[in-house]
Every structure is written in C-alpha cells, then in structure tokens.
Amino acid sequence: MKTTLSPQAPSRSFWMVVLRQLRQDRVAMISICVLAIIIGAAIFAPWVAPADPFKASMLNRLLPIGSPGHWLGTDELGRDMLTRLMYGGRLSLLMGVVPVLAAFVIGTSIGLLAGYVGGRTNMLTMRVLDVFYAFPSVLLAVAIAGALGPGMSNSLIALTLVFVPQMVRVAESVTTQVRRLDYIEAARMSGASAFSIIRVHVLGNVLGPVFVYATGLLSVSMILGSGLSFLGLGVKPPEPEWGLMLNTLRSAIFRNPWVAALPGAMIFITSIAFNLLADGVRSAMDVRR
Amino acid sequence: MSSNLTDLDDSADRGGPAQPLLIVRNLKKYFPVRGGLLEREKKFVHAVDGINFTVAKGKTLGIVGESGCGKSTTARLIARLMEPDSGSLIFDGEGVGEFGGIELKAFRRNLQMVFQDSFASLNPRLTIQETIAYGPREHGLSQAQANERARQLLARVGLEPEQFASRYPHELSGGQRQRVNIARALAFNPRLVILDEAVAALDKSVQAQVLNLLQELKAEHQLTYLFISHDLHVVHYICDDVMVMYLGQVVEIGPVEQIYGQAAHPYTRALLSAVPSMDPAHRTEKSPLSGDPPNPINPPAGCRFRERCVHAEAVCSERAPALVPAAQLSGHLVACHMNDAASGHTAATLESAA
C-alpha cells in the first residue's frame, strides 16, 4: 500500500484494491483453493470421475475407505462414493449459490428502494418482512418447500424466499445510513435525478456490505438445501446430492461410519471455506478506513 | 474557463446591483416529535421560526449562534434539501418555485453548498475527478467535457490535476478534501454558495488557506456567500454582514463592524464576550451567560432570550420583540424591547437617550 501515494497515482478501481488485499490473506487464499477444487470437481465430474454415479453393484456394497478401485468406498447400493461426491457437488453447490444470488438481486432492490424512499413505504416494507422473521429459517424453508411440493426447483424457490427478508434488511439499513450522508445531499444539490443518485452514489456504497453478507449466506443455503434433501423435500433419489446421500447412508452408520460421514464432511468443508472467504472479503474491503 | 460551459451558465445578473440576491421571508420549519405509540398529542421542535433576512449581491452574510439555534436548518431550507413549512425565497427578484418565478432546478444550479464534514460529503467510491464531473455530466455535458471542467476546477482550487484527479477521498487531507468540495460547488458557476461550517473541522493554518481561497474565488466569480459558523473570529474576518440567531429566530442582523463593536442585543453581547481574548490581561473570568437555551419544543412566550437575560423585565414575557431597525445604527436590525422606546422597558429610554 506504500505505492498508492506516489505522485503519479494510477487510476485504480476499488475492486482491484480489494483483490490485492485479498491476495495477502493466507486463510482466504486457502479457502479459494479448496473451493476451486470442489467446484472444479463438480463441473468436470463427467470427465474426471472414476466411475458411473448410478451404476450399482450388489457385490461391492459398503466397501470401506481405501478399497482398491473405490478409494472412498461405496454406498449402500455399491456405487462409488468418490464419483457420487463429485456429482453431488453439482446440485449441492447449485443449492448454495442460486438462492443466494436470486435473493441478492431481489433483496437489494427492495431494500435499496425502501431505504432511499424512507418514511411510510420503508416502514410498511420492513414490517411485512418482519413477519418472515418470526419463523426460524429452517422451519420456514421446510414449510414453504412442503407447501410447494418436493422437487429441486421448489426447494430453490423456498430457499430464495427465506433469504430475501434478510437481504432486504441488510440493504435497507446500509441504504438508510448512506442516504443521510452529505455526499447524497451534495448530489441532490446538483439537481441529479433520484435514479442517477441511487445508481452512482447509493448502489456502489451499499453493494459492498450486502455482498459480504451474501457470501456468508452461501454456506447456510447449502446446509439448508441439504437439509431439505435429507427430509425428502429437495432432490429425489437416485440423483446424487450431499444432503440426500447423508440421509440414505444413515442406515449404514454402524457398519461403516466413515463412509457414512463423507457427505457431511463435504458439506462442512465447503461451508467453512465459504465462511472464511467471506471473512477475508470483509476485511479486505475495510482498507479505506 | 467558460469556453465549453455556455450551456451550464445561466448566472446572468437579472435584477441589477441594487436587488438583493436572496430575500428570505417568514421561513418556518417545525419538526414533529413522536411520543410513544399511544401518545396522540403532537409536539413540535421550533427549529426555524419565522425568519426574515436579505443577502446583498457580492456580500458575505455570516450566520452565528449557539448549537441548535437553527443555523444549519436555515441553510438546508434555503437549499431546499428540506421543504419549509411556510415562507418564501426570492432569488434576484424572482420567487423560487412560484408561478412566473425561477424554477427550482434552475435555482439549485445557482446555489451550491459546502458542508462541514469534508469526508462525509465525498463519495468514497469515486475519484475526486469523478465526483466533480458528476454534476456537469448530469446536466448534459459529455464525459470528456465534464472531466475537462473537473480538471480546470481542481487546478483552480490548488490541487494539481495530474497528481490528484485519480485519487480517492481517503487519500487526501482534510484541507485538500474541502478544496475538492469547493471545486464541486463551483462546477455550475453558482451565484450563491452556502458554506455550512465549511472550515470548522480544519486546523488553523489550513483554515486560513481555505478562507483566502474562498475570498479569491468570490472576487473572481462574483459570488455571494452565506457563511454559517460558530467561530466568531472567522466570521469577523470573512463576513460583511452578520446575522445572530437564537432558538430559531433572528435576534440581530447588521454590518460586521457594528455587530462586533456596537451590538444592540444582550445575547449578541454575551456571545461576543465569550470569545477568548488574545490578551491575557483581558481574560474572561466569569461566564457571560448562564444556563442552557430553553427547550425548543416549548419556547418561552414573549422574548425567547428573557430567561437568561440580565435585563429581563415584565414586558419581555408579555410580548415578543419585533425585528426592527436599531436606534442610531444604519442597516442594523435588532429584536429587543430595550431598542424600542415605546415598549415600556425601563432601559429603553435610557439607551435611546444615550
């Protein structure tokens, strides 16, 4: 950072500074590597996976970890665990990313408008959303998914609805803070339209904190998504998904506990990595104070 | 500097030199105070309570007073960042936002504001060039023209564009940031600039530099300043006229030398005697005023200053004094019964006889 005050300060965007800061954060970099491996394995599963995820074998049921040909053992139907974990990442990560992304877009828009307009509109919006807060998020997700019926897309919708109120609340509170600052008043003095003020002056300063919050939600979303699958409200068998695999392997927990714990370990590692990355991004964005 | 700015420049003098640039009439703003959920009776903070004043062209009017007396609210009302409850503004002879008068948008372009907190008044995500170019860009200049204008203005306020244009606010010092704010205010060729405690947060040496810059810019661009401050030394240095406010009302207004030399209102005298003296022999020993300003929710009837005034008499609680020309002082208005021989105040006849 010593170079930033050199006479010919080059034009640097905010996100470049954040990226540079992030690169010096070892924990965040390790998290990024872990996530890159998991996401890479999920994306390239058809080419990298050693076996067919749906091919069952009665002779090879519940092989332990380290068996020749099946490095991570096999499940209760004799399917290769490594393959199924790689394929399972596709749906599980989707469950993590899609609802958060959707809630990010919807929640930020609502929160931004409510916060900028203020007054009665704001109060009405926030009180309506408070109703959602009355329910624990797991219960709410189960209730909505249950009402919509089981299925992948329905559980995505359920998770999105669970996250929207939280996103709105974060976006609204940051917007309310930003709106009172003098640079917004100065922009109003210049006669700029409300749309332009929101786009240039509000959005840029609200997006950061909301983004960090959203990163933290990725792991929650994945766990909730797996939970829905575990309860039979999400993905249907034989489709591989970490939560669902955890459920079906439950019966084998006494015969082969290590294999049964593998999907749980994947959920754990991925969500920890997302959380540590979120922490890294948060502190990297604090450079300017 | 006006080569590519003709389309932004509507700063032509319309009313002639004798027409005051701004006339403020009966400006009022009460803020509602919310009690509990079930408390039906509404209360109001009388933030600005019917003030009248004029700002002459090319002059600097200082507004002084204690914290909470309504200085900044007055500024925001004039800038229309807040809607006044009542009152009117007349800008160079034209009613603001009135039929046949000047439109609000045009008025805003003629008036700009510099805020106290130099950091909060700059968007931390924009470089200072982007910040200054934003306004002109919004008014239809091309990006290149707006950038060119921003660079010219930066150079004018003493920040080398090559070195500073692409910096972010957190990379500048307080004085440099305030120069950026001034440059932004000048981007529209305004005629009236409201400086709301604009130098209060700067240390003394930087303050002097910025004040000198403001004086130069005023002469160059024929600006009129509304200078809000609680620093009476600075007001003495920069202002032509001074307006003293107390609890949302104007108590005295007059030329700076008369205010500092022959203040007619007891509150002004108390305010001025609270200024630390440069001479240790004339050290202020006792506090010129005791007590706090009364609650602005329920201001006292009659004269609002009477509870702290050593000259208070029965008449002061009966009638509120009007803002009238001071005896024997030209261009000087004061709201005090002692100034009015007909008020019945015992000191009134003495003062006017002296």
Side-chain angles (χ1 to χ4, degrees), chain A residues 1-18 20-21 116 118-120 122-123 127 174-211 285-289, chain B residues 8 75-76 78-82 103-140 160 162-172 177 180-181 184-185 187-188 190 193-194 196-197:
Chain A
M1 288 304 286
K2 282 191 199 91
T3 52
T4 52
L5 286 177
S6 68
Q8 259 93 39
S11 178
R12 317 166 307 287
S13 86
F14 170 71
W15 294 105
M16 294 277 283
V17 179
V18 170
R20 193 193 304 154
Q21 198 77 4
Y116 190 77
R120 283 212 184 119
N122 187 8
M123 203 173 80
R127 291 302 85 80
V174 181
T175 309
T176 309
Q177 281 169 22
V178 167
R179 190 176 70 108
R180 277 199 288 262
L181 292 175
D182 288 343
Y183 62 79
I184 302 294
E185 302 229 308
R188 287 175 59 202
M189 291 285 306
S190 71
S193 65
F195 177 74
S196 161
I197 292 175
I198 289 181
R199 187 176 57 83
V200 178
H201 295 288
V202 183
L203 193 61
N205 290 288
V206 170
L207 227 43
V210 181
F211 177 78
M285 284 181 20
D286 265 351
V287 282
R288 42 190 61 254
R289 299 284 148 165
Chain B
L8 272 188
R76 283 179 157 69
I78 293 173
R80 289 300 180 108
L81 290 171
M82 256 176 217
E103 272 179 51
L104 198 57
K105 196 163 179 175
F107 170 65
R108 275 214 174 126
R109 221 179 306 155
N110 277 301
L111 170 146
Q112 287 294 306
M113 194 156 166
V114 178
F115 300 88
Q116 172 175 12
D117 187 340
S118 64
F119 194 74
S121 50
L122 293 172
N123 185 342
R125 292 292 156 87
L126 299 185
T127 62
I128 60 176
Q129 176 176 310
E130 288 167 338
T131 288
I132 300 170
Y134 173 74
R137 185 88 186 81
E138 280 302 303
H139 283 275
E160 185 53 51
E162 290 301 314
Q163 196 181 343
F164 287 97
S166 59
R167 286 202 188 173
Y168 287 91
H170 71 281
E171 296 170 338
L172 303 180
R177 281 200 294 267
V180 175
N181 283 322
R184 172 177 57 191
F188 292 108
V193 179
I194 300 177
D196 186 2
E197 302 273 12

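What you see below is based on every heavy atom in this structure, not just the backbone, and it leaves out hydrogens, waters and symmetry mates. Numbered from 1 within each chain, the chains take letters A, B, ... in sequence-line order.
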Side chain / backbone / both / neither for [X] at chain A, heavy atoms under 4.5 Å:
X: B/Leu81; answer: both
X: B/Arg184; answer: side chain
X: B/Leu104; answer: neither

Fill in the blank from the handout: Between the CG atom in A/Asp182 and the CE atom in B/Met113, the distance rounded to the nearest 0.5 Å is 8.0 Å
Problem - Straight-line distance of B/Leu126 CG to A/Asn205 CG, nearest 0.5 Å - result: 7.5 Å
Problem - Structural part of A/Leu207 lying under 4.5 Å from a heavy atom of chain B - result: neither
Problem - Side chain to side chain, A/Leu181 and B/Phe119, heavy atoms closer than 4.5 Å - result: no
Completion exercise
Sorted by chain and residue number, the ring-ring contact (aromatic ring centres under 6.0 Å, His included) partners of A/Tyr183 (sequence neighbours excluded) come out as none
Practice task
Could you list the residues that satisfy ring-ring contact (aromatic ring centres under 6.0 Å, His included) with B/Phe115, not counting sequence neighbours?
Solution key: none
Exercise for the section: For chain B, find which of A/Met189, A/Arg180, A/Arg188 contributes the most heavy-atom pairs closer than 4.5 angstrom. Expected result: A/Met189
How far apart are the closest heavy atoms of [X] and [Y], and which atoms are they?
X: B/Glu138; Y: A/Ser196; answer: OE2-OG, 2.8 Å
X: B/Gly135; Y: A/Ser190; answer: CA-CB, 4.1 Å
X: B/Asn123; Y: A/Val200; answer: ND2-O, 3.6 Å

Practice task
Step through the shown structure and confirm whether more than 12 heavy atoms of other residues, nucleotides or ligands are within 6.0 Å of CZ on A/Arg127.
Solution key: yes
